[in-house]
Amino acid sequence: MNSQTRRTATVAGELLGKHLVRVRRGRRQVGRIVEVEAYLGAHDRAAHSARGRTARNEVMFGPPGHAYVYFIYGMYYCLNVVTERAGRPAAVLLRALEPVENLSGKTSGPGLLCRALKIDTRRNGYDLVRDDFFIAEPPSREDIALVKRPQVVVEYAGWWARRHLRFYIANNAYISRK
DNA sequence: TGCACGATGAAC
DNA sequence: TTCATCGTGCAC
């Protein structure tokens, strides 16, 4: 792993415990990020960017801190945070949230958390510092026990999928699967 | 223009 | 293990 890919894995770990905030029609929804997965870039065969730049993955090639939202399996959306400088298409998939404020319905799993927050491709490319959709530091920063596991359901990616790039908060009740 | 498939989730 | 469901990407 070079320094760039290490950066994305580091960012993935740092996202754990942070709050994802969404404001819709004056109502604030907040979820604590408890599970993520890192996709390291064009050389990562498990990443959408592995087969080059397309209309769908365009945002991954842009500047960091933006939302990459894609539609999958005909019914779910997934939310990623783009990492690394423009031209290096890496991102961190948000896999599960622990409800903090105004979150009803399941938030364990990338598709379900987007459903709970009403996130779809209209949010694709959003800069995550905007006042209606952003990532914030939690009020109190507690110590977090980190667990690293292989990515989920990307076996076709060969050995890439066996690297430990899925991170979650130990013993958290909202992890999407074991 | 057609078609196989997927960074999912739920049921069986 | 199977299936729902459809946009995307690439083959033709």
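This one's a predicted model, so the numbers in the text were calculated from it and none came from an experiment. Chain letters run A, B, ... following the sequence lines, proteins first and then strands; every chain starts at 1.
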To the nearest angstrom, the CD-P distance between E35(A) and dG9(B) comes to 9 Å

Would you confirm whether N124(A), through its side chain, and V69(A), through its main-chain N or O, come within 3.5 Å as a donor-acceptor pair? yes

Value in whole Å for how far the P atom of dT8(B) lies from OH of Y70(A): 6 Å

Dot-bracket for DNA chain C, please. Rules: Watson-Crick or G-U, both distances under 3.5 Å, ( ) within the strand, [ ] when a pair crosses earlier ones, | for another strand, . otherwise. ||||.||||||.

Ignoring hydrogens and geometry, is there a side-chain-to-backbone donor-acceptor pair from S108(A) to Y174(A) under 3.5 Å? yes

Tell me, please, which residues at least two apart from I72(A) pass side chain to side chain contact (heavy atoms under 4.5 Å, CB included). Y70(A), Y76(A), C78(A)

What integer distance in Å separates H48(A):NE2 from dC5(B):P? 16 Å

Determine the Euclidean distance between corresponding P atoms of dG2(B) and dT5(C); express it in Å to zero decimal places. 22 Å

What is the distance, to the nearest angstrom, from the OH atom on Y39(A) to the C1' atom on dG6(B)? 11 Å

Quick one: is R95(A) getting a side-chain N or O under 4.0 Å of the dT8(B) phosphate, OP1 or OP2? yes

Taking the six-membered ring for Trp, are Y68(A) and H48(A) parallel (under 30°), tilted (30 to 60°) or perpendicular (over 60°)? perpendicular

Is E101(A) reaching over with its side chain to a backbone N or O of V21(A), donor-acceptor style, under 3.5 angstrom? no

Could you state the atom-to-atom distance from CD of E37(A) to P of dG6(B) in whole Å? 16 Å

Between D120(A) (side chain only) and Y77(A) (backbone N and O only), is there a donor and an acceptor less than 3.5 Å apart? no

Kindly say whether G125(A) contributes a backbone atom to a donor-acceptor pair with the side chain of H66(A) at under 3.5 angstrom? yes

Report each atom pair, protein N/O against N/O of nucleotides 4-8 of chain C, whose distance is under 3.5 angstrom.
residue, atom, partner, partner atom, Å
dT5(C), O2, Y73(A), O, 2.3

Provide, to the nearest angstrom, the distance between the CZ atom belonging to R115(A) and the C1' atom belonging to dA10(B). 10 Å

Are any of the side-chain nitrogens in R7(A) or E84(A) under 4.0 Å away from the carboxylate oxygens of its partner? no

Rounded distance (nearest 0.5 Å) linking atom CZ of R22(A) with atom CZ of R28(A): 13.5 Å

